[in-house]
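Down below is the structure, laid out as structure tokens.
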Amino acid sequence: MKLFTQAQITRARARVTPKIINALIERNSDVLNHDILVPSTGCATWNHYFFCPEHSVRLQWERRSPNKHRCPIDGAVFTGEPYYGAWWRWLNGLNARACYEVAVLWLLTDDSGYLNKVIALLMQYAKYYPDYQVHGDIPYNGPGKANAQTLCEANCHADFARGFDIICSVLNDEQYNYIADRLLRCGAEFMMQHRCRQIHNHEVIINATIGMIGTILDDEKYLDFAVRGEYGLLYQLEHALLPGGMWFEGSLHYHLYALQGFIAFEKLAQKGAYSLMGHKYYRQMLALPLKLLMPDMTMPKVNDCVNGQETIVHTDIYEFAYGYYQDPQYAQVLNHIYMSMPRTSIDALFYGEDLPEGTLPPPAKTLHDPGSGFTLIRNHPGRAVCIKHGPYGGEHDHYDRLNLIVFNNYRAVIPDLGTTGYGAPLHYGYYKNTFAHNTLCVNGLNQPPAAPRVLFWEDKETVCTLVTEVAWVTPPALPNSKVRVEWDKNSYDGIIFRRYIKVTENLLIDILETHNPHYQCVDGVYHIASENKSVVQNSHDFKICYPYVTQAKEQPLMGKKRLVYHIDEPLSITCFSTNTCTLIQAKGPNNPSTSLIDYLVLRSRERHVLQVFVTDFTGQGNIDIVREGHNVIVTDMTSGKVHTLGLYLLTDRIQ
């Protein structure tokens, strides 16, 4: 066995409790409590299809119901494809996980019933796997055999391989060779054929699984390909991390997902010649999410992040990392995780060490990290202003350069909505789009890729100022990764967008300055997680032309306008523009789409557009805003404090 040492097994058996055993049994009950069911053909498709198309929530999976699937919101029943194939993908995942976790049950209990279940599962998959037809039409993904994409193939084979590693010593030669050749080697060869030449989280998981199989079977061909070859694990670490240690895709979820793949391989390879534990990269990746925590201890829900994926619950990463590196911060994050769940995972049993006291402290210091593409201004308990200014990260990125997220009183008041299951209509139709973010949207269409830059940064105790720019004046630099072209180059041609952020003790001053050489329709967009708001007088119904966004009303913005929102406590936003400008209010899908979120939009078509949003966290909103020459002057009339922001005058620069 390569996965666990004898010392780890002995320690795990001494630590295990009936509660842990019962939790593992319950987690695998769909497999343990039924006869083995393995598809005889490659009928499984994609788990992201298993979502309600109306509510964008996952359907209820039931073992006894392969072709009737209920929405948990309204009980609607969905049948046929794509749900039938997605049901089988779920079952493949349960079977594969059981190969590993039920093997662990056998290791902990010596109960032959668990051993026989794992052997039967592996033998059944080995029986059918070579003859599964290659299939899959998942956008921008390689095909599968048991499933419909190479990534899913790798995820299942990782569990097949771990289960095989645990039980292989008790297999007879015929069983060993049958599973090793027809399932593990066949799977590794297929994945090697279809691993893409790109940097991507998929290629990490695929490489990791091929490397795991190579380690278990002592096959250097697989290890060389997976670890040292071009686009292998070392290549991914050297080319896919931004200078600040952020995974290039820009999603904290995929940052940790990629790290899970690396660490899964290292659990088998850590003491061998192919281990990468001695490099600097893992330490960078482990530390980064902990720097970017929001006041509620979640990560920014940027880019492709389905609800729940913004929470750090990754004991499979940090238990192993703490045992290896002994970094006290990893112990702190584990203590934080175990405040909301018991320490009963397999990784805690086999890799876990005694944790010193102390949990991860709430983030308090402002972070300016241009190398990772984030600035988080934290100058008040429970408050954070996050600006995303990293480069475009490929298919899992959203079209939202210089997006803004605001937390107050420990909750998102101007949120990033994240996304839903990728097979649900709102994923590509709504959540990924520019207008579904707090940034600049031109003609209601998506921003092309671009690389923002930071022009100015100043941190003075309770006052922080950030100026960032994104310019669509040269062709974008795309990552060495597959992308879906869903942007509108013509609308943004020549556009230069600068965002000026100043955060004081009570105010967020946000200035959007846009050089608009072709007089396009320029929208500054905010989303407010409000229960209700003040009604703008003299507004009239209006068609905003954003998909899924309704109840739109508009009125001319002459100078400034104050709106009051109620989010636990009142919060006011004062809007201002010196342009011919329209103020638009509307409602669009929240996430999940069972509720709505408020839209606040300032729209202009002039050549030089100036849009100002001043958020008063006290709710008083007694704000005066004027433009004097090169400056925007914001006065808090309650405190008498005056804040001046100098503009960079884009039109002068262009001319």
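FYI, the numbering just counts along the sequence from 1.
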Is it the case that D347 and S345 place a side-chain donor and acceptor less than 3.5 Å from each other?
no
Could you report the tightest heavy-atom contact between S56 and T420, atom names first, then the distance?
O-OG1, 2.7 Å
On the 0 to 90° scale, with breaks at 30° and 60°, tag the Y648-Y500 ring pair as parallel, tilted or perpendicular.
tilted
Residue pairs fulfilling salt bridge (Lys or Arg N to Asp or Glu O under 4.0 Å) with at least one residue in residues 300-315, sequence neighbours excluded
D304-K432
Does D616 have any side-chain contact (heavy atoms from CB on, under 4.5 Å) partners at least two apart in sequence or in another chain, and if so, which?
N506, L507, S572, T618, Q620, I623
May I ask you to decide if R401's main-chain N or O and Q447's side chain share a donor-acceptor pair within less than 3.5 Å?
yes
Find out whether T574 and V634 are in side-chain contact, i.e. whether some heavy atom of one side chain is under 4.5 Å from a heavy atom of the other.
no
side-chain contact (heavy atoms from CB on, under 4.5 Å) filter on E569, not counting sequence neighbours, yields N409
With the threshold set at 4.0 Å, does a side-chain nitrogen-carboxylate oxygen contact exist between E513 and R498?
no
Main-chain N/O of A364 paired with R378 side-chain donor or acceptor, under 3.5 Å
no
Is the closest side-chain heavy-atom distance between D510 and V612 below 4.5 Å?
no
With rounding to the nearest 0.5 Å, note down the distance linking CG in L151 to NE2 in H202.
4.5 Å
Tell me the closest heavy-atom pair linking E266 and F320, and the distance in Å.
O-CZ, 3.9 Å
I'd like to know if the side chain of S372 and the backbone of G244 have a donor-acceptor N/O pair within less than 3.5 Å.
yes
To the nearest 0.5 Å, atom NE2 of H396 lies from atom NE2 of H253 at 7.5 Å
I need the S275 OG to Y282 OH distance, nearest 0.5 Å.
6.5 Å
Closest heavy-atom pair and its distance - G250, V302:
O-CG2, 3.3 Å
Side-chain heavy atoms of L440 within contact of T514, under 4.5 Å:
yes
For residues 398-417, which residue pairs qualify under ring-ring contact (aromatic ring centres under 6.0 Å, His included), counting only residues two or more places apart or in two chains?
H398-H437
Using ring pair (Phe, Tyr, Trp, His ring centres under 6.0 Å) as the criterion, list what pairs up with Y526, not counting sequence neighbours.
F613
Polar contact flag, side-chain donor to acceptor under 3.5 angstrom, E249-N201
yes
Straight-line distance of H239 NE2 to L241 CG, nearest 0.5 Å
11.0 Å
N591 side chain to L417 backbone, donor-acceptor under 3.5 Å
yes
Donor-acceptor pair, side chain of N446 and main chain of N433, under 3.5 angstrom:
no
Under 3.5 Å: donor-acceptor pair, side chain of K482, backbone of C196:
no
Under a 4.0 Å N-O cut-off, is there an ion pair linking D296 with R411?
no
Check the pair Q198 / S481 against side-chain hydrogen bond (donor to acceptor under 3.5 Å, both in side chains), numbers first and verdict last.
CA-CA 5 Å; Q198 63 170 345; S481 189; 3.1 Å; yes
Parallel, tilted or perpendicular, judged at 30° and 60°: which one describes the rings of Y235 and Y231?
tilted
Name each donor-acceptor pair under 3.5 Å that joins a side chain in residues 382-391 to protein atoms two or more places apart or in another chain, with its distance.
residue : atom : partner : partner atom : Å
R383    : NE   : N408    : OD1          : 2.9
R383    : NH1  : E505    : O            : 2.6
R383    : NH2  : N408    : OD1          : 3.4
K388    : NZ   : N303    : OD1          : 2.4
K388    : NZ   : D397    : OD1          : 3.0
K388    : NZ   : D400    : OD1          : 2.5
K388    : NZ   : D400    : OD2          : 3.3
H389    : NE2  : T375    : N            : 3.4
H389    : NE2  : T375    : OG1          : 2.8

Return the NE2 to CH2 distance between H255 and W247, rounded to the nearest 0.5 Å.
9.5 Å
State, yes or no, whether a side-chain contact exists between I317 and Q260 at a heavy-atom distance under 4.5 Å.
yes
Residues two or more places apart in sequence or in another chain: which of them pass side-chain contact (heavy atoms from CB on, under 4.5 Å) with E101?
L24, R27, N28, R97, I346
May I ask you to check whether Y422 and Y49 place their ring centers less than 6.0 Å from one another?
no
Just say parallel, tilted or perpendicular for the rings of H48 and F51, cut-offs at 30° and 60°.
parallel
Side-chain contact, heavy-atom cut-off 4.5 Å: L563 with Q585?
yes
Tell me, please, which residues at least two apart from Y322 pass ring pair (Phe, Tyr, Trp, His ring centres under 6.0 Å).
none
Got H279 and M277 here, is their nearest side-chain heavy-atom distance under 4.5 Å?
no
Check I567 against S530 and note the closest heavy-atom contact, atom names and distance.
CG1-CA, 3.8 Å
Please list all pairs meeting salt bridge (Lys or Arg N to Asp or Glu O under 4.0 Å) that have one or both residues in residues 353-372, counting only residues at least two apart or in different chains.
none
Given 3.5 Å as the limit, does a donor-acceptor pair link the side chain of S593 with the main chain of P589, or not?
no
Check the pair Y430, F435 against ring pair (Phe, Tyr, Trp, His ring centres under 6.0 Å), reporting the backbone distance first and the verdict last.
CA-CA 8 Å; Y430 179 74; F435 65 83; 5.8 Å; yes
If you look at every heavy atom in L59 and C52, which pair is closest and at what distance?
CD2-N, 3.7 Å
Between Y392 and P476, is there a donor-acceptor pair closer than 3.5 Å when you use the side chain of the first and the backbone of the second?
no
Is it true that E203 and Q236 share a donor-acceptor pair across their side chains at a distance under 3.5 Å?
no
For the side chain of N438 and the backbone of P415, is there at least one donor-acceptor N/O pair under 3.5 Å apart?
yes
Taken in chain and number order and not counting sequence neighbours, the residues that satisfy salt bridge (charged side-chain N to carboxylate O under 4.0 Å, His left out) with E319 are R343
Could you check whether any side-chain heavy atom of I511 comes within less than 4.5 Å of a side-chain heavy atom of L645, counting everything from C-beta outward?
yes
Over 60° means perpendicular and under 30° means parallel, so classify the ring planes of Y257 and Y254, tilted if in between.
perpendicular
Relative to each other, are the rings of Y546 and Y599 parallel, tilted or perpendicular (30° and 60° limits)?
tilted
Is the count of non-hydrogen atoms from other residues, nucleotides or ligands lying under 6.0 Å from M339 atom CE greater than 12?
no
Residues two or more places apart in sequence or in another chain: which of them pass ring pair (Phe, Tyr, Trp, His ring centres under 6.0 Å) with Y330?
Y318
Evaluate the side-chain proximity of H380 to F617: yes if any heavy-atom separation is below 4.5 Å, no if none is.
no
When rounded to the nearest 0.5 angstrom, what is the spacing between OG1 in T615 and CG in L508?
4.5 Å
Going by the rule side-chain contact (heavy atoms from CB on, under 4.5 Å), which residues pair with P328 if we only count those two or more places apart in sequence or in a different chain?
none
